[in-house]
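One structure, as structure tokens, below. Some questions next.
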Amino acid sequence: MSSSVPTWTRVRSLWTHPTAPDCVHVIDQRALPHRLEIVELATADDAARAISDMVVRGAPLIGVVAAWGLALAARRAAPGSAAGAVEEAAARLCATRPTARDLFVAVERQLAVSAGCRDDAGRREALVRSASAFTEESAAACRRIGLHGLSIVEAAARRSPARPLRIMTHCNAGRLGCVELGTATAPIYLARARGLDVFVWVSETRPRNQGALTCWELAEAGVPHALVVDSAAGHWLQRGEVDLVLVGADRITRRGDAANKIGTLLKALAARDAGVPFHVAAPWTTFDLSIEDGVAGIPIEERAEAEVRFVEGTLNGGRARVAVHPHSTPIRNPAFDVTPARLITGLITDRGCCAAAEGEILRLAREESGWPS
Ligand code: MRU
């Protein structure tokens with residue numbers, strides 16, 4: 001499997017030094033695409049702040065950072081207090097961002113590891129080992145998503161053999177939001193590695209402009225692409241300029257409803273009207289089988305109105321922030337929306353592809369792969 005993954009896609013968004021697992025290094029995604037800055041996370045509070053402030057983002061990466069946050073909590077704890085420190089840190093991490101399921105899967109897994117340890121020394125070691133395993137599993141899940149999704153991308157390409165395959169995506173479901181390779185981008189990168197001609201429509205993704213992160217990744221990988229404002233998506237779909245929509249997810253219910261970055265739902269509606277297939281790619285850690293109806297059951301994060309009131313960019317080599325709306329304008333800022341299963345053509349997971357339907361999802365849930373179900 002690994003031989004078909006291009007080596008540059010293994011450049012990671014998070015790493016530890018093999019001999020110094022006391023510190024986790026991450027890319028500061030707020031500085032991209034203008035500057036590549038690395039941030040060190042030395043404590044559980046650093047990890048929680050990095051998640052809240054979106055230094056790191058994307059459901060799989062949020063989960064991995066939370067797992068490391070709990071390992072750091074145990075390592076920094078005063079003698080005899082590691083168990084309590086881990087529990088406090090777990091509560092703090094769970095309060096950062098409510099929508100990404102992966103965060104809660106990671107915390108639950110680490111709490112179970114901690115509960116199974118008899119003393120602080122064992123707890124420290126076990127939590128580092130488990131965070132490290134979670135990181136590797138997350139990377140492997142994206143590689144499997146890429147391989148499973150490749151068949152969908154190749155089938156779409158066969159329907160229009162005379163020109164490049166035009167894929168539309170939203171937000172950043174790329175390697176920055178994961179450990180490596182990405183979720184929605186994984187099949188794209190693997191298709192390119194096999195010589196398929198692909199073009200990607202990237203939506204800007206207001207208010208945080210994660211589309212810029214996707215463009216940064218695609219440019220680095222040499223994948224042709226164009227950035228469009230979010231409200232242009234319907235236009236390109238209607239004109240027959242999109243062959244396939246491929247997005248990620250932050251939480252998927254047992255019936256197949258998918259929460260993803262705000263603006264995803266409008267793309268799904270426009271894709272349905274235009275007769276364009278709409279696929280959602282996510283690892284099994286993003287599935288929440290305890291929820292049936294995504295609209296009623298998935299907690300949707302509402303973020304600060306300042307994210308909408310101001311735009312941030314670069315000016316003379318530094319960060320600049322300008323107001324686009326006066327302080328008197330009331331603002332609401334939901335970070336995610338829910339696309340109902342009926343608008344989703346299919347799900348691409350590390351366990352395989354399936355319809356966005358309860359029976360199919362439960363079939364995958366039963367399959368052994370070592371992931372939590
Ligand atoms: O608020 P973010 O940037 O953490 O949200 C991330 C997304 O919604 C992504 O689009 C993605 O699909 C999930 S993570 C690969």
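Values reported hereafter were calculated over all heavy atoms of this structure, with side chains retained and with hydrogens, waters and symmetry mates removed. One-based numbering, in listed order, for ligands and for the atoms of each. Since the structure is predicted, the reported quantities are computational estimates derived from the model, not experimental observations.
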query = Is a side-chain N or O of T345 found less than 3.5 angstrom from the main chain of P277, in a donor-acceptor match?
reply = no
ask   = Backbone N or O of I188 within a donor-acceptor pair of the T185 side chain at under 3.5 Å?
value = no
request  = Write out the residue and atom name of the closest protein heavy atom to atom 5 (O) of ligand 1, then the distance separating them to 0.1 Å.
outcome  = K261 CE, 3.4 Å
query = Got a donor-acceptor contact below 3.5 angstrom from the T135 side chain to the A131 backbone?
reply = yes
inquiry  = Can you confirm whether E125 is buried at CD, in the sense that more than 12 heavy atoms of other residues, nucleotides or ligands lie under 6.0 Å from that atom?
reply    = no
query = Is there a nitrogen or oxygen of G58 sitting under 3.5 Å from a nitrogen or oxygen of ligand 1?
reply = yes
ask   = Are any of the heavy atoms in A59 under 4.0 Å away from ligand 1?
value = yes
message = So does P299 get a backbone contact from the side chain of T99, meaning a donor-acceptor N/O pair under 3.5 Å?
response = yes
request  = Pick one of side chain, backbone, both or neither for how R208 approaches ligand 1, counting any non-hydrogen atom pair under 4.0 Å.
outcome  = neither
ask   = Near T183, which atoms of ligand 1 are under 4.0 Å from a heavy atom of that residue?
value =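 Selected atoms, number and element: 15 (C).
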request  = Return yes when N172 approaches ligand 1 closer than 4.0 angstrom through a heavy atom, no otherwise.
outcome  = yes
query = In the protein, which heavy atom is nearest to atom 12 (O) of ligand 1, and how far is it?
reply = N260 OD1, 2.5 Å
task = Would you mind running through ligand 1 and noting each atom that sits below 4.0 Å from a heavy atom of Q210?
result = 1 (O), 2 (P), 3 (O)
query = Any Lys/Arg nitrogen of R101 or D250 sitting under 4.0 Å from an Asp/Glu carboxylate oxygen of the other?
reply =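 No salt bridge links R101 with D250.
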request  = Would you confirm whether H170, through its side chain, and I262, through its main-chain N or O, come within 3.5 Å as a donor-acceptor pair?
outcome  =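 Looks like yes, one N/O pair under 3.5 Å.
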key: ligand 1 atoms in contact with G248 (distance to a heavy atom under 4.0 Å)   =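 It comes down to these atoms of ligand 1: 12 (O).
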key: ligand 1 atoms in contact with P60 (distance to a heavy atom under 4.0 Å)   = 14 (S), 15 (C)
task = Start with the C-alpha gap between R92 and E88, add the side-chain angles, then the distance that decides, and say whether salt bridge (charged side-chain N to carboxylate O under 4.0 Å, His left out) holds.
result = CA-CA 6 Å; R92 167 108 170 77; E88 274 170 35; over 6 Å; no
key: Interfacing atoms of ligand 1 (cut-off 4.0 Å, heavy-atom, R97)   = 1 (O), 2 (P), 4 (O)
4.0 Å heavy-atom contact, M54 with ligand 1 = yes
inquiry  = Run the salt bridge (charged side-chain N to carboxylate O under 4.0 Å, His left out) test on R319 and E312 for me, step by step, so that the C-alpha distance in whole Å, both residues' side-chain angles and the decisive distance to 0.1 Å come before the verdict.
reply    = CA-CA 7 Å; R319 273 188 217 181; E312 286 191 37; 5.0 Å; no
inquiry  = One residue to check: T264. Relative to ligand 1, which of side chain, backbone, both or neither has a non-hydrogen atom less than 4.0 Å away?
reply    = neither
Non-hydrogen side-chain atoms of D102 and I62 separated by less than 4.5 Å = no
key: R57 N/O under 3.5 Å from ligand 1 N/O   = yes
inquiry  = With a heavy-atom distance limit of 4.0 Å, tell me whether A249 approaches ligand 1 through its side chain, its backbone, both, or neither.
reply    =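 Answer for A249: backbone.
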Closest protein heavy atom (residue, atom, distance) for atom 8 (O) of ligand 1 = D250 OD1, 2.7 Å
